Amino acid sequence: MGGLEKRKYERGSATNYITRNRARKKLQLSLADFRRLCILKGIYPHEPRHKKKVNKGSTAPRTFYLLKDIKFLLHEPIVNKFREYKIFVRKLRKAYGKSEWGTAERLKDNKPSYKLDHIVKERYPTFVDALRDLDDALSMCFLFSTFPRTGKCHVQTIQLCRRLAVEFLNYVVASRSLRKVFLSIKGIYYQAEVLGQPVTWITPYAFAHDHPTDVDYRVMATFTEFYTTLLGFVNFRLYHSLNLHYPPKVRRQSVPALGGFPLRACLLRLLGLLLQKLSALSASLVRVVAPAQEDEVEMDEFPVEGETAEQLDARRKEQEALEKHKKLFEGLRFFLNREVPREPLAFIIRCFGGQVSWDKSLCIGATYDVSDPSITHQIVDRPRVEQQVVGRYYLQPQWVFDSVNAKLCLPVADYFPGVLLPPHLSPFVTEQEGDYIPPEKLKLLAMQRGEEPGEESEEDEEEEEEEEDDNDNEEEEEEEDSEKEEEMKLKKMEEQKTQSNKALPVKVTAGKVRLEDKQRLEQEQQNEEKRLAIMMMKKKEKYLYKKIMFGKKRKIREVNKLAAKRKAHDDAIKEEKKKNKKARRA
Amino acid sequence: MALTVLERLSTSPTRLLPSQNDSLPPQDGAQCPKTTLDLPKRAPALPKRLLTSPTWRPPSQKDSRPPQDGAQRLPPPSPPWRPEAPSRLFRRGARRGPFPSKMAAAATFLPLTPGARDPGSGRRRPRGSRNRKKGWKRWAGPEARLGREIGDFLEDVALQQHLKLNKGREKPLRIDLLLRPDSKVPAPKNILAYQVPNGGKERRRRQFWERLEQRGVLPRAERLLRARLRAAAPPREKPLEKGLLDPSRDFYDIWADDNPLDRALAGQDSWFLQETKKQRVKRPPRLQKKPSEVPAVEVIAPGGSYNPTFEDHQETAFREQCEGLLEESGGEEEEEEKEEEEEGGEDPQDPPKVAVAPPRPGKKTEQQRRREKEARALRRRQEAARCRGRQELFRLRALRRQLRRWEAERLRRRQAREAKLRALQGRPRRLGRLKYEDPSLEVQLSEELAESLRTLKPEGSVVHDRFKSLQKRSLIEPRERAKFKRKYRVKYVEKRAFREVT
């Protein structure tokens, strides 16, 4: 034997965890400081599997940390800075209490401050790690940059957040990496592809501002503190990856006369001006090395092992589509009316190569006037536009967003001012096979495939779908004939509905009739084979198979239900429209 | 001092007082010995009372001098006249009547016989000690009365004199006029508004310095100031706060090979750095993993579009309604959902899901558990005994079957455990007292939906969304705002003014 006897809770999970309060005491920090430290270092509480054991028999709900994590925190140099800051505050308070202004000034000059650079390096050892965690950083920075400069957090934080956010936007513009935009009721979602990593972030609407009270702003500010540092370094790297100056420089910069101000004030003013210009998003950035020639570089192709020619082809096609998407608005000149949200629109248009301007009184950086004859699109958000200029489209802002998501310039007719807009679809949804796809999306998909938004394509698609369904469903036909019939009815109804929607002449393709016989034969054979296979199945497998089929069928039923609902809704709207028309006529 | 006053009293015109003072004690003595005993002691205190009484004014210096002539002193020298004094005197006089008559009346009542009682003292006995001001004031003994009467008398005398002085004149005295609050004489003007003190002198001095300045001579203070300005370095600009929050801080390539962070330590012996605690401690790889796989930015459902399709919107709205119902009904539908999930198992690779055992109706008691355990042990022992009896060789097939069964059972258990863990993975952890609660679903009703982007009314807030996301990913523990707790109960009292108003 040997060794001392271990008592209860002296080994195992009880020794691996430490409660928050004990950790706090070990680090000699106040609770607020401890929280901050944990957030900055990326150390999060743990939920032990056996709480009662860890809690030494007690079942009181506590917050636990891993003991090793806390031991790791003990080495952090920032802990000392926190302690110094505490002492600084104490001294300052004392000086103020004694009215020793000179001492207070001196103390304030020597205020202890810390930097988080080393923590950024430690938490994100490579640049790609940092890119993967950019979602949070961007969302926080965009959020904080819209805060009012009162109370809730330091003005400097807000300024820094604004600067970093604007820099990032400029990078996205310069690299043309925006992919998706989604206007939600909460805010605007963006997705960009930064060096191959998808980065999603949300920005609040500029005009929405309420401060919920059940949010701990101190915690949020701490996260932001760290994320600003991270975003700064990421921005630096991103700018350099494009050979751009960092801190960014704007082309055609005219320095206004700033005589008579002290040096610091001058600097600040210049910085502010630069930020304004940047945030206008209208000017392009200065490159370190001037681009010699905008020539199309043919990418060398390295076939990946085990990749067939088809895959290669598909990849090339994808690449081409992407290039096309990037140049979506190239050659178009936009003008934003003052009632539309300027920043998101300017950002998006510039991301896809368009030129954009606005009223001079609205914001700095306007490049041309409303009366410019070369404007192709004017974005308007009013029910009616007086004094329309010939030669340009007047469109509602949704056109820009929808076009970006559809990866093509949508037909403008649906987006004229005063027209009831088509729904704004979420680009973040990818339908799986068998899912319900709203007719708007179907239309869009057809357009993306380069077909005219007509009957044909949809019919084909539906037929295909039906065929598939038939294959799947035939087995159960015997049992559930009635249901099948119902479904078929619904299918037909939907078909009719879509047809009625389009109201375009039906084209009948000639080839189909000939093929039918062969197809049917083939199908019958296939079905026969399938039936046999099912018969040969073991009981267990059959059970599983039935289950799968049931799931699929249920999905189809749901889809049909939705379609029926939609139809009812459309009908109702149509009737209303008719009534309105009649009323107008009468 | 006391003596002089007593003297004066003795020579005062009433002539009654000394006799009272002299005669009373022996007469009183028979009835109330206490007072008689006290009286001699009290006597010297009388002048003090006189001095402190409100009507008694301290005698002027003339007064304190030894009396020259009784007749001359009778009209006391006019005390420093106060403007409000006459009116007060008049009032008092009107109420009480002139002093001399009262004195006379008092004189008639003064008991001179030994058995008689002092009416003043009989009405109210002196209570308590008079070694404090309060006691003195309360005291209504003969001396106090006397003091008050003397005071009244003196005031009256002064008044008489005043009247005498004013007799035969229509106009009041100028001094009275001057001191009246509504004086006709206007207040003096603000002189400083018209003339500068030392104006001439200052002007001359200024001219002198101007002349000197023309000649190039500066005053000393100015000279020193200029010298200091010339000598000192330009004033230090307040250093930019080079901390985190500086909006104009600079960044560098932190991921480059020669970044400033590592440059300081580059090329040094790692052992040395480690020992001198200069090398940073390596971050454990366990920390690179996030506590949750939930994406940082969860995109809102398609129904949350500002202009959603009909179906998406219906779906979202329906879900919200369901949530509301669920809250009301207390989770009745959860069971149904579970069933549905069971049905919808699709993946053929997936092992048949292990049904979560429904909670038993009642827990086993300790006794039951023990008995079961014992029974199990017994069975095992019996089995072992049986096995030992048989020859193992003939049991080969049975053994193999058993082995297979065990293996299957182990596999099943492992899979169940993994499935459970996987299910827990996506769920936010329980990190403290409070559980994470999903934020309420954001949805706009059909009539709330905006026609265009301009008229959009945002629903929900990004601040809230971010905060909840942090909690959902188990990065911070859910907390609630500390409640303000009052130490003492607040008492509500209706103020008088308030009562009057209502």
Side-chain angles (χ1 to χ4, degrees), chain A residues 42 44-45 47 61 63 72 75 113 115 117-118 120-122 127 135-136 139 143 154 156-157 159-160 163 183-187 189 200-202 204-205 208 210 212 215 219-220 225 232-233 236-237 264 271 339 381 396-397 421 423-424 426 428-429 438 440 544 547-548 550-551 562 566 569, chain B residues 237 239 241-248 251-255 261 280-281 283-284 287 291 295-297 299-300 302 304-312 314 343-346 348 429-433 442 444 452-454 458-467 470 474-477 479 481:
Chain A
Y44 308 116
E47 187 189 20
T63 310
F72 169 63
H75 296 288
S113 68
K115 282 193 170 184
D117 304 1
H118 65 279
V120 170
K121 181 74 198 279
E122 177 191 290
F127 181 51
D135 294 10
D136 242 341
S139 298
L143 173 64
H154 293 290
Q156 287 165 323
T157 314
Q159 280 172 346
L160 183 59
R163 174 194 149 193
L183 293 170
S184 80
I185 49 175
K186 211 191 284 178
Y189 290 89
T200 316
W201 72 96
I202 179 173
Y205 287 111
D210 62 326
V215 168
V219 166
M220 299 281 273
E225 199 179 315
F233 288 120
F236 185 94
R237 183 89 181 208
R264 186 176 146 73
L271 275 175
E339 72 271 6
D381 202 354
Q396 298 201 41
L421 289 168
H424 178 62
S426 170
F428 291 94
V429 179
E440 289 88 0
L544 200 65
K547 226 174 173 182
I548 294 165
F550 179 81
L562 273 176
R566 170 76 185 218
H569 173 71
Chain B
E237 286 222 336
E241 205 180 322
K242 273 294 173 198
L244 279 165
L245 297 175
D246 183 16
S248 57
F251 295 100
Y252 47 88
D253 194 351
I254 204 170
W255 291 284
L261 272 183
R280 303 227 161 78
V281 177
R283 191 180 173 85
L287 289 173
V297 177
V299 180
I300 197 168
S305 163
Y306 97 100
N307 182 13
T309 61
F310 174 69
E311 293 88 357
D312 288 338
Q314 287 290 304
E343 286 171 349
E346 288 178 15
R429 312 275 169 81
R430 176 80 185 261
L431 296 176
R433 194 166 58 81
E442 282 107 357
Q444 287 187 325
S452 72
L453 196 58
R454 183 172 49 91
E459 183 90 18
S461 83
V462 180
V463 188
H464 207 257
D465 170 71
R466 292 286 81 218
F467 188 62
L470 292 175
S474 304
L475 301 189
I476 51 175
E477 72 272 21
R479 278 197 308 159
R481 206 190 169 97

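Keep in mind it's a predicted model, so treat the numbers as computed, not measured. Chain A is the first sequence line, chain B the second, and so forth, proteins listed ahead of strands; every chain is numbered from 1.
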J.: Go through the atoms of A:Q396 and report whether side chain, backbone, both or neither lie under 4.5 Å from a heavy atom of chain B.
T.: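 Side chain of A:Q396 only, per the 4.5 Å heavy-atom cut-off to chain B.
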J.: If I measure from the heavy atoms of chain A, does B:L261 come under 4.5 Å with its side chain, its backbone, both, or neither?
T.: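 Contact with chain A involves the side chain of B:L261 alone.
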J.: Is a side-chain donor or acceptor of B:R454 paired with a backbone partner of A:D381 at a separation under 3.5 angstrom?
T.: yes
J.: Between A:P397 and chain B, with a heavy-atom cut-off of 4.5 Å, which part of the residue counts as in contact: side chain, backbone, both or neither?
T.: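 Only the side chain of A:P397 comes within 4.5 Å of chain B.
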J.: Donor-acceptor pair, distance only, cut-off 3.5 Å: does the side chain of A:H569 make one with the backbone of B:F310?
T.: no
J.: Pick one of side chain, backbone, both or neither for B:R429, based on which atoms fall under 4.5 Å of a heavy atom in chain A.
T.: both
J.: Within the distance-only criterion (no hydrogens, no angle test), does the side chain of B:R479 pair as donor or acceptor with the backbone N or O of B:R481 below 3.5 angstrom?
T.: no
J.: Under 30°, 30 to 60°, or over 60°: which ring-plane class applies to A:F428 and A:Y189, parallel, tilted or perpendicular?
T.: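 A:F428 vs A:Y189 ring planes: perpendicular.
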J.: Given that the side chain runs from C-beta out, which part of A:F127 has a heavy atom under 4.5 Å from chain B: side chain, backbone, both or neither?
T.: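 For A:F127, heavy atoms of backbone and side chain both lie under 4.5 Å from chain B.
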J.: Which answer fits A:V219, side chain, backbone, both or neither, if we ask what part of it has an atom under 4.5 Å from a heavy atom of chain B?
T.: side chain
J.: Side chain, backbone, both or neither: which part of B:S474 has a non-hydrogen atom closer than 4.5 Å to chain A?
T.: backbone
J.: Between A:L421, A:D117, A:T63, A:D135, which shows the greatest number of heavy-atom pairs under 4.5 Å with chain B?
T.: A:D117
